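Counting from 1, the numbers follow the sequence of the chain as shown. What you see is a predicted model, and the numbers here were worked out from it, not measured in a lab. When a ligand or atom number is given, it counts from 1 through the structure's own listing order.
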Amino acid sequence: MKRLAILGSTGSIGVSTLGIVAEHADRFQVVALTAGRNLALLEEQIARFQPQVVAVPDRENAQRLMERLGHSGPRVLYGTEGLITCAANSPADMVVSAIVGAAGLEPTLAAVQAGRDVALANKETLVIAGELVMAAVAESGCRLFPVDSEHSAIFQSLAGHSKDDVRRLILTASGGPFRNWSLDDLQEVTPQDALAHPNWTMGRKITIDSATMMNKGLEVIEAHWLFNLPVDRIAVHIHPESIVHSLVEYVDGALIAQLGIPDMKTPIAYALSYPERLTLDLPPLDLCRLGQLHFAAPDSLCFPCLGLAYEAIRRGGTTPAVLNAANELAVDAFLQEKVGFLDIPRIIGAVVEKHAITAATSLAAILAADNWARGAAQDVIHEIQGASYL
Ligand code: NDP
């Protein structure tokens, strides 16, 4: 029986993870859950999976939850300390890191430092603090299993091969809903348009990141840290069908890939049960019916976020943390219709240009850069809003 702590249990990845746990109740036990604001769903999950401890970010919501659960419920904690306790001090064998955004960093790092195996969905953790987290993984001896479908595909395609034989990694990207749109068309994009992803059902932030292609940029940085390769050896191919989840190119020209229908259950289950594979209730991939698969180069003019991410990791230090924080604020402002779709890369680029880079080797330095970037991004957003009223 593997004991799981699921951070972000009320999100898209969290709910899929609990679906797998329910399908394989003989193999997994839930010992800790954390959520953000969706108390109603968390309450349902508590009733169903009976964790020993739960946490939410706000004290008021923790109080409300305790009142609703009464004395029979699990321990209810709050704040970053509460999330850290669930990640590092609950009796979990594995922590599923599925909080969205920079909020996932501290609990994930704490899990790693406590030697817990981590199924990593929260890509922001490695984007912001890759050097620090990978050093902590080496020190604690824990294992980091990728949940992102692209990184899971690479992880699977590397199995049985020597890293020395790898020429490059190729991450595939669906291209999102605006793959063939012109710059003029992109001026008019609304949040509703951007939230309609053609292939994947995901949380709101990652869906917007997919539409801008920042998601792929964050994944390039994540792959750099996970697989210890320079970003110049990590390429991105547009693949609209999202069937080939990513590839490894070897020095003899061989390409090894993992294919499957676009459903996150497959990579989540592989991270939970590695090296075994779980039987999943998913339709098979029918390649004959599919007929054709397509690949193309990304359009850097219409989707500059990908280039911004490559540039951030080349600049190094705290730059990726700043890129990530500026992106979080820009996406939020776009979702609130305060700025346009094409303002997202403008905001990020402006904040990154203003940043005085420092080494990203301590949590304090990373959190300070993150905090600075949020303030700087807010200023740029206000400037854009001010200009649009003139
Ligand atoms: P969702 O937005 O669906 O879920 C996010 C989860 O984090 C929810 O449980 C939410 O709580 C919780 N949360 C939000 N803010 C905070 C906070 N400040 N403190 C604590 N908890 C918080 O996101 P996804 O499930 O889509 O994505 C989660 C992570 O996985 C992201 O980093 C994403 O990039 C990555 N990922 C997602 C994929 C997908 O298919 N969805 C694929 C690959 C990677 P609540 O809802 O209760 O407010």
Answer side chain, backbone, both or neither: which part of Lys205 comes under 4.0 Å from ligand 1, heavy atoms only. neither

Which heavy atom in Leu293 sits nearest to a heavy atom in Leu290, and how many Å separate them? CD2-CD2, 3.5 Å

Which residue supplies the protein heavy atom nearest to atom 16 (C) of ligand 1, what is that atom called, and how far is it? Ile99 CG2, 4.1 Å

Under 4.0 Å to a heavy atom of Asn38 - the qualifying atoms of ligand 1, by number: 45 (P), 47 (O), 48 (O)

Please report whether ligand 1 has a polar contact with Gly11, defined as an N or O pair separated by less than 3.5 Å (distance criterion only). yes

List the closest protein heavy-atom neighbour of atom 15 (N) of ligand 1: residue, atom name, distance to the nearest 0.1 Å. Val100 CG1, 4.3 Å

Protein contact of atom 26 (O) of ligand 1 - nearest heavy atom, named by residue and atom, plus distance: Gly203 N, 2.9 Å

The protein heavy atom nearest to atom 32 (O) of ligand 1 is Glu124 OE1, 2.6 Å

Between ligand 1 and Leu83, is the shortest N or O to N or O distance under 3.5 Å? no

For ligand 1, find out whether one of its N or O atoms is nearer than 3.5 Å to an N or O atom of Asp148. no

Kindly confirm or rule out an N or O of Thr10 lying under 3.5 angstrom from an N or O of ligand 1. yes

Would you say Leu183 and Gln187 make side-chain contact, with heavy atoms under 4.5 Å? no

Say whether Pro57, considering both its backbone and side-chain N or O atoms, lies within less than 3.5 Å of an N or O atom on ligand 1. no

Looking only at non-hydrogen atoms, which of Leu120, Leu41, Ile206, Val15 approaches atom 36 (N) of ligand 1 most closely? Ile206

Starting from atom 12 (C) of ligand 1, find the nearest protein heavy-atom neighbour and note its residue, name and distance. Gly36 N, 4.0 Å

Regarding Glu67 and Arg64, does a basic nitrogen lie under 4.0 Å from an acidic carboxylate oxygen? no

Could you identify the single nearest non-hydrogen protein atom to atom 42 (C) of ligand 1 and state the distance to 0.1 Å? Met264 CE, 3.6 Å

For atom 35 (C) of ligand 1, find the nearest protein heavy atom and state the residue, atom name and distance (0.1 Å precision). Ala121 O, 3.1 Å

Checking the N or O distance criterion of under 3.5 Å, is ligand 1 in contact with Ala103? no

Are Leu308 and Val352 close enough that some pair of their side-chain heavy atoms sits under 4.5 Å apart? no

With a 4.5 Å cut-off on side-chain heavy-atom distances among I, L, V, M, F, W and Y, is there a chain of contacts connecting Val137 to Leu109? yes

Basic-acidic side-chain contact under 4.0 Å: Asp281, Lys265: no

Test: Arg314 and Asp232 ion pair at under 4.0 Å: yes

The protein heavy atom nearest to atom 25 (O) of ligand 1 is Ile13 N, 2.9 Å

Under 3.5 Å between any N/O of Thr34 and any N/O of ligand 1: does that happen in this structure? no

Any Lys/Arg nitrogen of Glu276 or Arg27 sitting under 4.0 Å from an Asp/Glu carboxylate oxygen of the other? yes

Shortest non-hydrogen pair, Gly340 vs Phe334, comes out as C-CD1, 3.7 Å

Looking at Glu222 and Lys123, is any side-chain nitrogen of the basic one under 4.0 Å from a carboxylate oxygen of the acidic one? no

Using side-chain heavy atoms (C-beta onward) and a distance below 4.5 Å, is Ile99 in contact with Glu124? no

Where ligand 1 meets Gly8 - atom numbers and elements under 4.0 angstrom, heavy-atom basis: 6 (C), 7 (O), 9 (O)

Compute both the distance and the angle, then confirm whether Arg3 meets the cation-pi test with Phe28: under 6.0 Å from the six-membered ring centre, within 45 degrees of the axis. no

Does ligand 1 have any atom sitting under 4.0 Å from a heavy atom of Lys123? yes

Taking N or O atoms only and a 3.5 Å limit, does Ser12 qualify as a polar contact for ligand 1? yes

For Ala98 and ligand 1, answer yes if some heavy atom of the residue is under 4.0 Å from a ligand atom, otherwise no. yes

Got a salt bridge between Arg48 and Glu44, using NZ or NE/NH1/NH2 to carboxylate O under 4.0 Å? no

